[in-house]
Colleague: 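Before we start, here is the structure in question, set down as structure tokens.
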Amino acid sequence: QVQVVESGGGLVQSGGSLRLSCAASGFSGSMSTMNWYRQTPGKERELVAIIRSIGGYTNYLDSVKGRFAISRDNAKNTVYLQMNSLKPEDTARYYCAVTVLGSTKLYWGQGTQVTVSS
């Protein structure tokens, strides 16, 4: 089974920055798409950012465009989310979800908490 592990969450002040990492393992071949989601208790899960392992395609939730940047290191099967100019509204648990080449199944991590204080 594919395993996905997030790290890098924490408590930051409004306007600060944080970098999340997501490492995938337990498969051969290549990752396909790498996604960052976030969820706040009582609210629906949001797709924050997507990146493909090839081609450089990225997409972002409108509210984070210009502030967040997704990137990846294919050799390490790792995806990053650089978060700048953080706002209290960004407070959520952030989850990484990955697909591997040849499958449409999403593999989820346990999440990492991001809290932005005012």
Side-chain angles (χ1 to χ4, degrees):
Q1 181 72 276
V2 175
Q3 293 185 325
V4 178
V5 180
E6 304 98 332
S7 62
L11 174 64
V12 298
Q13 291 187 339
S14 181
S17 297
L18 208 58
R19 188 194 192 207
L20 306 184
S21 298
C22 169
S25 62
F27 62 94
S28 60
S30 302
M31 297 184 296
S32 183
T33 58
M34 294 144 280
N35 313 279
W36 284 100
Y37 290 83
R38 68 185 183 187
Q39 188 165 29
T40 300
K43 295 183 174 64
E44 293 185 349
R45 184 181 63 204
E46 296 179 306
L47 179 59
V48 177
I50 301 172
I51 190 168
R52 296 197 303 184
S53 62
I54 57 174
Y57 171 84
T58 60
N59 201 9
Y60 297 90
L61 181 69
D62 285 346
S63 62
V64 309
K65 287 181 178 177
R67 300 188 297 118
F68 290 10
I70 189 170
S71 61
R72 76 281 192 273
D73 185 335
N74 288 341
K76 296 180 179 180
N77 288 329
T78 299
V79 60
Y80 306 94
L81 185 67
Q82 179 67 46
M83 304 184 294
N84 299 321
S85 301
L86 282 162
K87 305 175 181 179
E89 306 92 87
D90 297 316
T91 295
R93 191 165 185 86
Y94 285 72
Y95 296 88
C96 182
V98 174
T99 64
V100 300
L101 188 65
S103 175
T104 59
K105 183 178 180 179
L106 275 174
Y107 296 93
W108 292 86
Q110 293 287 301
T112 184
Q113 180 67 34
V114 172
T115 302
V116 185
S117 66
S118 60

Colleague: OG of Ser85 to NZ of Lys87: how many Å apart, nearest 0.5 Å?
Modeller: 8.0 Å
Colleague: Write down the atom of Asn84, the atom of Ser17, and the distance for their closest heavy-atom approach.
Modeller: OD1-OG, 2.9 Å
Colleague: Given Arg67 and Tyr60, is the side-chain contact (heavy atoms from CB on, under 4.5 Å) satisfied, shown in steps?
Modeller: CA-CA 10 Å; Arg67 300 188 297 118; Tyr60 297 90; over 6 Å; no
Colleague: Name the one of Ser21, Ser53, Cys22 that satisfies side-chain contact (heavy atoms from CB on, under 4.5 Å) with Val79?
Modeller: Cys22
Colleague: Would Tyr107 end up clustered with Trp36 when hydrophobic side chains under 4.5 Å apart are linked, directly or stepwise?
Modeller: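 Linked, Tyr107 and Trp36 end up in one cluster.
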Colleague: Is any side-chain heavy atom of Asp73 closer than 4.5 Å to a side-chain heavy atom of Tyr80?
Modeller: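 They are in side-chain contact.
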Colleague: If I compare all heavy atoms of Ile51 with all of Ser71, which pair ends up nearest, and what's the gap?
Modeller: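 Nearest pair, atom of Ile51 first, then Ser71: CD1-CA, 3.8 Å.
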Colleague: When rounded to the nearest 0.5 angstrom, what distance separates CG in Asn77 from CE in Met34?
Modeller: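 Here the interatomic distance stands at 8.5 Å.
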Colleague: Which heavy atom in Gln113 sits nearest to a heavy atom in Thr115, and how many Å separate them?
Modeller: NE2-OG1, 3.4 Å
Colleague: When the side chains of residues 91-102 are checked against the rest of the protein, which donor-acceptor pairs come out under 3.5 Å, sequence neighbours left out?
Modeller:
from	atom 1	to	atom 2	distance (Å)
Thr91	OG1	Pro88	O	3.0
Thr91	OG1	Val116	N	2.9
Thr91	OG1	Val116	O	3.4
Arg93	NE	Gln110	O	3.2
Arg93	NH2	Gln110	O	3.3
Arg93	NH2	Gly111	O	2.9
Tyr94	OH	Arg38	NH1	2.9
Tyr94	OH	Asp90	O	2.7
Thr99	OG1	Thr33	N	3.0
Thr99	OG1	Thr33	OG1	2.7

Colleague: Tyr37 and Val48: which non-hydrogen atoms are nearest, and at how many Å?
Modeller: C-CG2, 3.9 Å
Colleague: Can you confirm whether more than 12 heavy atoms, excluding those of Leu106, are under 6.0 Å from its CG atom?
Modeller: yes
Colleague: Hey, is the main chain of Arg52 close enough, under 3.5 Å, to the side chain of Arg72 for a donor-acceptor pair?
Modeller: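 It does hold such a pair.
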Colleague: What's the separation between atom CZ in Phe68 and atom OG in Ser63, rounded to the nearest 0.5 Å?
Modeller: 7.5 Å
Colleague: Mind listing the closest non-hydrogen atom pair of Asn74 and Met31 along with its distance?
Modeller: OD1-CE, 4.2 Å
Colleague: For Lys65, enumerate each residue passing the salt bridge (Lys or Arg N to Asp or Glu O under 4.0 Å) test, keeping only those at least two apart in sequence or located in another chain.
Modeller: Asp62
Colleague: Check whether any side-chain heavy atom of Leu20 sits under 4.5 Å from a side-chain heavy atom of Met83, and report yes or no.
Modeller: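 Yes - at least one pair of side-chain heavy atoms lies under 4.5 Å apart.
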Colleague: Count I, L, V, M, F, W, Y as connected when their side-chain heavy atoms are under 4.5 Å apart, and connections chain through other members. Are Leu61 and Leu81 then in the same cluster?
Modeller: yes
Colleague: Quick check: closest heavy atoms across Leu18 and Gly10, and the distance to 0.1 Å?
Modeller: CD2-N, 3.7 Å
